[in-house]
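Have a look at the structure below before the remarks.
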Amino acid sequence: MMPEIVIHTENLTRRFGDFVAVNNISFDVKVGEIFGFLGANGAGKTTAMKILCGLLSPSSGVATVAGFDVYKENERIKENIGYMSQKFSLYENLTVRENITFFGGIYGIDRKSLKIKSEELIQRLGLGPEADKLVGSLPLGWKQKISFSVAILHNPKVVFLDEPTGGVDPITRRQFWDMIYEASAKGITVFVTTHYMDEAEYCDRVSIMVDGAIAAIGKPSELKQQFGVENMDGVFLQLARGAKRSE
Amino acid sequence: MNKLLFLLQKEFKQIFRNPTILRMIIIMPILQLILLPLAADYEVKNITVSIVDLDHSPYSNRLIHKIDASSYFKLVEYSPSYRKSLKTVGDGKTDLILTIPRGFEKTLIKENSAKLHLATDAVNGIRGGLGSAYLAQVVGDFNREIREEWLVLPRNSEIPQIEVTSANWYNPYSKYPLFMVPGILVVLVTMVGAFMTALNIVAEKEVGTIEQLNVTPLKKHEFILGKLIPFWVLGMVSITIGMVVAFVIFRILPVGSFLTIYAFSAVYLFGVLGIGLLISTFSDTQQQATLFAFFAMMVFILLGGLYTPIEGMPRWSQILTYFNPPSYLIKIVRAIYIKGSLFSDLKNDFYILIAFAIGFNGLAILNYRKRMA
């Protein structure tokens with residue numbers, strides 16, 4: 001049986017005036033996959049991700065997420081996805097527990113199971129006494145772990161992570177990826193953008209965007225072979241060198 | 001519905017953790033109510049007068065005493081010449097110069113009328129205008145007095161006199177705070193309602209949490225109600241604090257009912273919350289929202305009839321006040337506080353406030369997008 005497809009795009013395009021931020025991209029992501037969405041700054045990653053999350057309207061092309069059309073059913077998509085943005089997105093003046101309760105509640109989890117879930121989560125993250133501290137007082141690495149856990153609290157079909165590990169140390173990054181694997185093992189599809197090429201190696205499949213278009217797509221091992229290099233860094237450099245846009 | 005409760009719970013927690021908001025809600029009404037009615041007083045007192053008495057007669061003396069006795073004037077100088085007096089005006093020491101010409105008394109008795117010369121420093125138009133009007137009144141009084149004396153003497157023919165007396169209704173002692181306090185209450189409610197809401201939403205934009213909300217299945221109306229309800233409550237709290245302060249400090253209580261005030265404020269607040277929401281939809285930073293709020297507040301107050309009566313404005317700006325929500329509530333709260341107007345007296349204004357509430361919120365909802373176009 002063919003694996004089920006959870007994200008599907010065909011010639012997806014987004015223009016801002018004359019500027020084509022996302023240019024005719026087509027790809028599929030399968031259920032349970034960890035899909036790395038790579039590209040230099042300004043390549044159009046975040047724009048594409050925002051379209052898929054229903055935060056931005058596409059200009060043309062086709063896209064469905066969890067079987068729902070991004071044009072008409074964007075609010076249905078939102079019930080089925082989790083999202084962790086580049087900007088840190090928990091409430092700093094609420095405690096960890098309050099953040100969990102709030103976002104869980106917004107996704108329609110009832111108070112009773114919410115209580116159990118948040119207790120579980122706090123245990124698993126080993127937060128203990130920190131659970132009742134304001135999020136603003138915690139270190140960045142912690143915030144990002146909590147952010148991710150909150151994004152998948154309602155068991156979405158897909159979770160979108162926009163540069164989730166920016167600015168944290170390698171150990172925390174490694175721990176963060178453990179959490180991604182756990183989520184993937186539970187059947188949650190992970191769609192992640194990153195700048196770290198070592199992280200690209202952790203993905204099941206990656207696509208590399210250059211100037212708004214997808215320049216390469218495939219398993220990391222396939223891409224390395226295709227470009228005749230030893231690591232993803234090499235693949236990325238070869239492709240990104242041709243880029244005209246930069247920040 | 002359930003989601004709305006989660007949202008409200010979060011909003012209230014954040015509000016109670018934000019010392020700035022709490023300080024604004026509690027300290028702002030107290031400060032505004034204490035300072036504004038005392039500082040912003042229309043009555044012009046201590047008008048400085050310089051007198052150039054060239055007559056030195058019993059009558060001129062009497063006139064000077066009369067001016068001196070009035071609480072509005074302060075005689076700062078007896079000057080030998082008009083020219084010298086003019087210098088003190090230039091120095092800003094004198095507002096008015098009254099010149100009593102030589103032969104004032106003689107002419108008055110002989111020809112039954114005499115002239116005085118009054119010069120006014122008009123740099124501050126209100127002060128100059130009111131000063132000369134007050135002085136004219138004193139001179140008029142003086143004129144009447146001497147004629148009454150003459151009347152006693154039988155040889156004098158009677159002089160027909162028309163005297164205008166005035167009575168102040170509703171605010172018999174022209175207590176200034178009684179006039180200002182209701183207006184300030186409205187300004188308070190407006191600031192809390194419109195600007196705290198706007199700043200709150202724009203702050204979420206700045207931090208990025210609004211994006212996190214927009215990516216959830218939270219409905220537009222749930223989000224909007226979740227933002228409006230807390231600030232509606234805060235607005236009602238701040239008007240309550242304001243009314244308590246008005247009583248404690250100025251012993252001012254509404255002649256009409258509190259319930260009527262609350263009913264109108266409740267509807268009005270929804271209108272200004274809509275304004276706040278609208279501001280937030282087209283501001284990306286708190287700085288933009290604040291600047292816009294500042295501008296809006298000036299218009300609200302200047303066109304609201306708080307300081308200057310709307311009836312005294314030119315026609316075109318009177319028409320503008322019809323579209324200014326605070327002008328209605330200022331009028332309404334004053335009517336309830338001072339005259340004791342009933343709900344039925346103000347019914348039409350109530351409908352207008354409802355229209356504002358629907359209008360502004362409608363616009364804001366249309367303009368609020370979970371997804372960028």
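A, B, ... follow the sequence lines: proteins, then strands. Residue 1 opens every chain.
For B/Lys13 against A/Leu94, the heavy-atom pair with the smallest separation is CB-CD2, 4.0 Å. The shortest heavy-atom contact between A/Lys78 and B/Asn214 is NZ-O, 2.9 Å. Closest of all the heavy-atom pairs between A/Phe102 and B/Phe6 is CD1-O, 3.7 Å.
Side-chain contact between A/Asn93 and B/Asn18 is absent, with no heavy atoms from C-beta onward closer than 4.5 Å. The side-chain heavy atoms of B/Arg17 and A/Leu134, taken from C-beta on, include a pair separated by under 4.5 Å.
With a 6.0 Å radius and a threshold of 12 heavy atoms from other residues, nucleotides or ligands, A/Glu119 has its CD atom above the threshold. Counting non-hydrogen atoms of other residues, nucleotides and ligands closer than 6.0 Å to CE of B/Met24 gives a total of 12 or fewer. Residue A/Lys117 places its NZ atom among more than 12 non-hydrogen atoms of other residues, nucleotides or ligands, all under 6.0 Å distant.
Interface residue A/Leu90: only backbone heavy atoms are found under 4.5 Å from chain B. Looking at A/Thr101, the atoms closer than 4.5 Å to chain B (heavy atoms on both sides) sit in the backbone and in the side chain alike. For a residue to count as touching a neighbouring chain, one of its non-hydrogen atoms must lie under 4.5 Å from one of that chain's; by this rule A/Glu79 touches chain B with backbone and side chain alike. The contact between A/Phe103 and chain B is made entirely by side chain atoms (from C-beta outward), counting heavy-atom distances below 4.5 Å. Using a 4.5 Å cut-off between heavy atoms, B/Glu11 does not touch chain A at all. Only the side chain of A/Leu114 comes within contact range of chain B, with heavy atoms under 4.5 Å apart.
Annotation: side-chain contact (heavy atoms from CB on, under 4.5 Å) contacts of B/Tyr351 (sequence neighbours excluded): B/Lys347, B/Asn348.
Between the side chain of B/Lys3 and the backbone N or O of A/Gly108, no donor-acceptor pair lies under 3.5 Å.
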### Task
I would like to know whether A/Lys50 and B/Glu211 meet side-chain contact (heavy atoms from CB on, under 4.5 Å); could you show each step before the answer?
CA-CA 10 Å; A/Lys50 281 189 173 168; B/Glu211 202 174 74; 3.0 Å; yes
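Looking at B/Gln212 and A/Tyr91, their side chains never bring a donor and an acceptor atom within 3.5 Å of each other.
The CG atom of B/Asn2 sits 6.5 Å away from atom CZ of A/Arg111, with the distance rounded to the nearest 0.5 Å.
The candidate from B/Arg369, B/Lys219, B/Lys10 with the greatest count of non-hydrogen atom pairs under 4.5 Å with chain A is B/Lys10.
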